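In what follows, chains are A, B, ... by sequence order, proteins preceding strands, each numbered from 1. Note that these values count all heavy atoms, side chains included, but never hydrogens, waters or copies made by symmetry. Keep in mind the model is a prediction, meaning the values are calculated, not measured.
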Number of protein chains: 2
Amino acid sequence: MKDSTGSKSMKMTPQRMAIMKYLDGNTYHPSAGDIYGALRDQFPTMSLATVYNTMEALKEQGVVIELSTDRGKKRFDPNPKPHHHLMCIKCKAIVDVFIEFPLTLPDAQTQGFEILGNRVDFYGICKSCSDEQKRMMETNQ
Amino acid sequence: MKDSTGSKSMKMTPQRMAIMKYLDGNTYHPSAGDIYGALRDQFPTMSLATVYNTMEALKEQGVVIELSTDRGKKRFDPNPKPHHHLMCIKCKAIVDVFIEFPLTLPDAQTQGFEILGNRVDFYGICKSCSDEQKRMMETNQ
DNA sequence: TACTAACTAATAATCATTCTAGTCAAGCAC
DNA sequence: GTGCTTGACTAGAATGATTATTAGTTAGTA
C-alpha cells in the first residue's frame, strides 16, 4: 500500500492546498488541532482525519518534520543534571547530550523573564533509521 | 531526600521506591507506560495513576525532568525557521523567542545521528511571577 | 470521457493522560 | 489504644488526541 521511499507523488486537493498555504511561512509549530481550527472557516466540513492524513503525506515528502515523541507521549529523564537531548524523528529514540552551550538571550528578548537555564533538543535521524532508509531505497530500485 | 525550593518532602512507599529504582541510571527516557510495564510483574495491582502521581511528585522534587510537548500533542515543523521558547517554571507560561543560535554538535557527540535542526527552551521566572514572589515576601515579613 | 488509485468526511476505536471516589496506612493528639 | 488528619493507593470513568475503518468522491491520466 505504502511507498516507503517517499517518492510517491501527492495528489493535490483544495484541502491540501489550504493546509500547505497555512503552513507556508508559519513560524509556529502547529498541532493538528491548530491547523484544523485555522481552516475551519474556509472548509467547514473538513475532517480532522484529513489534516492528519495530509500531515502524514507531507512528512513522507519531507516537507514537514514531526517534532514530537511517539504519539505525543510524555517521556521522563531521571538525570537532573543539566544536559540536552537528541531525538530521532523516525523511531523516536532519545539520547542524552552532555555538552554545554553558553546561550544568552539579549535583554530585548527576555520579556522580563529571569532566565535560569536552557535545554536544547536536537532532532534528526539516528544511524539505524538512516541505514534502514538506505536499504529500502536500494531494494526498491 | 533533598528539599529544594521549599517543596514538601515526599512520602516513601514500596511503589515509589520501585519506580525510583527503575529510573536510577536509566538513559532510555521511559514513558509512563514503560515504567508501568516494567514494574507490572513486581506490583501486579499497581495503577497507572500511581505512576503518573509519582512522576509528578518526582518532578516537583526536581529529580526527574519531563520531556516533550504540552498535553501530549504532536507538533509539526513546516520550515526550520529559528524559533525557540521561554518558559516560566512557576506559571508554565510559554512565550516565543525569535533569535537564531548557530548550534552545532561536535561529531563525537552526534552518536551517528544526522542532525536536522534544534530547538532551545529557556526556562526561568516570568515578570508577573517574580513580582508576585516579591509581594508575598513583603507581606510575610 | 472513463478509469482507478488516492482522497475525503464521518465516525468508531484506541491510546495516553487526568480526574474522581472510595479505601487504606502512617503519624499525631488525646 | 481511639479517633482524626493527611497523603497515597487502586479502579475505573472521563477527556482529548490520534488512528483506523468505511463508503462515497475526485484528481490525474490515458
Would you find more than 12 non-hydrogen atoms of other residues, nucleotides or ligands less than 6.0 Å from A/K59 atom NZ? yes
Length of the [atom1]-[atom2] vector between [X] and [N], whole Å:
X	N	atom1	atom2	value
B/L67	C/dT17	CG	C1'	17 Å
A/N53	D/dT21	CG	P	13 Å
B/K74	D/dG16	NZ	C1'	15 Å
B/Y52	D/dA8	OH	P	19 Å
A/E66	D/dA17	CD	P	15 Å
A/R75	C/dT17	CZ	C1'	16 Å
A/M12	C/dT8	CE	P	10 Å
A/L48	C/dA13	CG	P	18 Å

Testing A/L105, A/N118, A/V120 for side-chain contact (heavy atoms from CB on, under 4.5 Å) with B/F101, which one passes?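 Result: among A/L105, A/N118, A/V120, A/L105 is the only option passing the side-chain contact (heavy atoms from CB on, under 4.5 Å) with B/F101.
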Residue among A/S31, A/S68, A/P30 satisfying side-chain contact (heavy atoms from CB on, under 4.5 Å) with B/K74: A/S68
Apply side chain to side chain contact (heavy atoms under 4.5 Å, CB included) to A/V51 and A/Q15, showing your working. CA-CA 8 Å; A/V51 177; A/Q15 292 89 336; over 6 Å; no
Is the distance from OP1 or OP2 of [N] to the nearest side-chain N or O of [X] less than 4.0 Å?
X	N	result
A/T13	C/dA6	no
B/Q15	D/dT10	yes
A/R16	C/dT8	yes
A/R71	D/dA17	no

5'-most contact on DNA chain C: B/K11 or B/S31, nearest heavy atom basis? B/S31
Please state whether the rings of B/H29 and A/H85 are parallel, tilted or perpendicular, taking 30° and 60° as the class boundaries. perpendicular
Of all pairs that satisfy ring pair (Phe, Tyr, Trp, His ring centres under 6.0 Å), the ones with a partner from residues 41-77 of chain A, not counting sequence neighbours: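 Residue pairs with at least one partner in residues 41-77 of chain A: there are none.
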Contact between B/I19 and B/M55 at the side-chain level, heavy atoms closer than 4.5 Å - yes or no? yes
When you measure from the side chain of A/T50, which nucleotide among C/dT17, C/dA9, D/dC9 comes out closest?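 For the A/T50 side chain, the nearest candidate turns out to be C/dA9.
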Does B/R119 make a cation-pi contact with A/F122 (under 6.0 Å, within 45 degrees of the axis)?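 Not flagged: B/R119 not positioned over aromatic ring of A/F122.
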Reported CG-to-CG distance for the pair A/L103 and B/L103, which is rounded to 0.5 angstrom: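 That separation rounds to 5.5 Å.
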Close N or O pairs between protein and nucleotides 11-14 of chain D (under 3.5 Å):
residue	atom	partner	partner atom	Å
D/dA11	OP2	B/T45	O	3.0
D/dA11	N7	B/S47	OG	3.4

Per the end-axis method with five pairs at each terminus, what is the bend angle of the helix from C/dT1-D/dA30 to C/dC30-D/dG1, to 10°?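 Between the first-five-pair axis and the last-five-pair axis there is 20°.
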